[in-house]
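Letters A, B, ... mirror the listed sequences (proteins, then strands); counts begin at 1. Only this structure's heavy atoms are used, side chains among them; waters, hydrogens and symmetry mates stay out.
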2 protein chains.
Amino acid sequence: MPDRIYNFSPGPATLPYEVLVQAAKDIVNFNNKGIGLIEMSHRSKEFIQVVDDCEALLRELLAIPQNYKVLFLQGGASTQFAMVPMNLLGSGKTACYLNTGTWANKAIKEAKLFGTVDVAYTSELTNFDRVPGPADYTISAEAEYLYFVSNNTIFGTQYQNMPETEKIVVCDMSSDILSRAIDVSRFGLIFAGAQKNMGPAGCTVVIIREDLLDRCPDTIPTMFRYKTHADKGSMFNTPPCFAIYTIGLVLKWLKKIGGLAAIEKTNRDKAELLYQAIDKSDFYRGHARKDSRSLMNVTFNLPTPELETKFVREATAVSLDGLKGHRSVGGCRASIYNAFPYEGVEKLVGFMEEFEKKNG
Amino acid sequence: MPDRIYNFSPGPATLPYEVLVQAAKDIVNFNNKGIGLIEMSHRSKEFIQVVDDCEALLRELLAIPQNYKVLFLQGGASTQFAMVPMNLLGSGKTACYLNTGTWANKAIKEAKLFGTVDVAYTSELTNFDRVPGPADYTISAEAEYLYFVSNNTIFGTQYQNMPETEKIVVCDMSSDILSRAIDVSRFGLIFAGAQKNMGPAGCTVVIIREDLLDRCPDTIPTMFRYKTHADKGSMFNTPPCFAIYTIGLVLKWLKKIGGLAAIEKTNRDKAELLYQAIDKSDFYRGHARKDSRSLMNVTFNLPTPELETKFVREATAVSLDGLKGHRSVGGCRASIYNAFPYEGVEKLVGFMEEFEKKNG
């Protein structure tokens, strides 16, 4: 392996090195068939096998029940912000949204184009430093579905327990899918952009309960109906072949290292190490409230913006890359998704201690 | 180079071998920066350079005027079938479509969701074996725009001269963009899926005249407005990074070999060789009318379906892959896009002669 930097980017994000090496081989010559992966017809039996294998692994790892479809779409989570209400929210109907930051906010904006949005909770007043518990919001009786974002990349918050309701539950799981075990049967629809825990940018995974496929009004264009893609096994049109292939490799890697139970433990260990470093110091200050802390994105501030700039610059110089926080929070953000190595967190913690000594 | 097959796939399709080799290197370690291309933040200066370079090369090769925006979107041409009328066709307004086959037909279906569609021409009665000349259709006075498909992959037809009108011209150029010089200033909007002449699946290039960006009604979701993407340089959300990067490599290759003038000559030479082989024989019969023949997709039939099956099977055995025609035409289709080598066409022609001798 050449010298790899530690890549704390919030997404696209670090991938397992062995995945990159395998992808590099197959791009030039897939399975030694004399054709590159990205040149192959999506209708070829070889590529259909790639998609089938990827779906089967995802079903296995997440224990997706039989009555759910798995779709590999394009357009990112941002397209799902519109597709969810286009498919699930009839005109004049109401949906319940929990506003825990930028991505929830954007989803609310799109939903308003298609029906009434009841924002049952917002942590905007405390700059989205927390997610709600069950007592913090009420879902109105007429709501068609409950919508929430399980992990908030920008603010570094995450639901420790997923909201529960008898309503249809829709979850944007873009930044923590596959990071811990979930009970898929409690959801109506889960979607996630691939570029954090699953693979490269360019593919959005949708897991949808079959009975929800028929709710879409006739006025919605073909490509924006979940049923279009469900009926054709994500092959209604040319899918994002390379991204699906790479997701398959990442899932293989995840299975090999022990699946969701193992990765959740590693994720907890990594986050604990970093939060401990923050908590034992007065120099570093975590943004998220402790009961809402994310295992994926650790957000923290230093005493001054000047020190934050210096911290990020000096960290980059020692190959700790991508630590600049989002402008909404400022400061620093360490994104430590599934494929981010424990050693990288150790190195960051060491750097933090040293930086505090010099500048504290 | 390992033994490469000749890949006649209609798309995803053959790419230049040097592009695959370069992509393989950068996927593991981009520019020796210790980070893989597909792990890099789309907001990093390195990746923004990738997008800027790609756009600059496309502008140079196609001589795109300053008052046009170049967008790198997701969702394939199929998503454009809806986005075009969503953005350009006001409710109660009319658009003029030329129906030259499957893809035009699909676009017509989506446009009908947003306004009135005047199908001014169709070659359906002759199984889409031709495209119209200027005398074959009339654009109604009230039409907002004229829509056509410059090359019809399935039927193997292509406009030798692009339709001209004072109306806004919208063209699906998915299967022949960059195969010949065009005058972009004659178009209002050009779109093309990457996976034929430009790169891998997963990115759709849109070239749109700036004054058309403001026509979109407020009811259209954010992601489906061209203006959203134009205002943010295709970075409103995470773009399909790998596909854009690879398009950039393909454009570099295209420039190196001489740009559109050079590739058009090669494309003409390849197609002529193959059409000559068809024309001099009574055994092979071209599907497209001679004045509508495509330089990209050569469709032909053999005397019987049984011989066609045998032809495809035996061709595959000698590494002439992907020659099975679409079920709408049957028979054979040789897709010989920009990156398909002349030697592959020579080999196919040799195989055709031999096959005719044995089976004619």
Can you confirm whether more than 12 heavy atoms, excluding those of Lys25(B), are under 6.0 Å from its NZ atom?
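No - once you tally the heavy atoms of other residues, nucleotides and ligands closer than 6.0 Å, there are 12 at most.
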
Does a sphere of radius 6.0 Å around NZ in Lys347(A) hold more than 12 heavy atoms from other residues, nucleotides or ligands, not counting ones at 6.0 Å or beyond?
yes

Heavy-atom distance under 4.5 Å to chain A: side chain of Thr219(B), backbone, both or neither?
backbone

Between Asp26(B) and chain A, with a heavy-atom cut-off of 4.5 Å, which part of the residue counts as in contact: side chain, backbone, both or neither?
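Neither part.
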
Which atoms of [X] come close to chain B, meaning under 4.5 Å heavy atom to heavy atom: side chain ones, backbone ones, both, or neither?
{"X": "Leu73(A)", "value": "neither"}
{"X": "Phe224(A)", "value": "side chain"}
{"X": "Pro10(A)", "value": "neither"}
{"X": "Phe114(A)", "value": "side chain"}
{"X": "Ser41(A)", "value": "both"}
{"X": "Asp218(A)", "value": "backbone"}

Please give me the minimum heavy-atom distance between [X] and [Y], naming the atom from each residue.
{"X": "Leu15(B)", "Y": "Glu39(A)", "result": "N-OE2, 2.8 Å"}
{"X": "Thr79(A)", "Y": "Met223(B)", "result": "OG1-CE, 3.4 Å"}
{"X": "Ala24(A)", "Y": "Ile27(B)", "result": "N-CG2, 4.4 Å"}
{"X": "Cys241(B)", "Y": "Pro12(A)", "result": "SG-CG, 4.2 Å"}
{"X": "Arg4(B)", "Y": "Ile35(A)", "result": "NH1-CA, 4.5 Å"}
{"X": "Thr238(B)", "Y": "Ala201(A)", "result": "CG2-CB, 3.7 Å"}

I'd like to check Lys33(B) versus Ile5(A) (side-chain heavy atoms, cut-off strictly below 4.5 Å). Are they in contact?
no

Contact check, side chains of Thr246(B) and Phe242(A), non-hydrogen atoms, under 4.5 Å
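Result no, sub-4.5 Å side-chain heavy-atom pair not found.
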
Tell me whether Asn237(A) contacts the main-chain N or O of Gly75(B) through its side chain, where contact means a donor paired with an acceptor under 3.5 Å.
yes

Taking Ser44(A), Gly76(A), Ala82(A), Ala13(A) one by one, which has the highest count of heavy-atom pairs under 4.5 Å against chain B?
Ala13(A)

Counting heavy-atom pairs under 4.5 Å to chain A, which of Pro85(B), Ser319(B), Pro200(B), Pro221(B) comes out on top?
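Going by pairs under 4.5 Å, I would pick Pro221(B).
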
Rounding to 0.5 Å, atoms CD (Glu110(A)) and CD1 (Ile220(B)) come to a distance of 11.0 Å

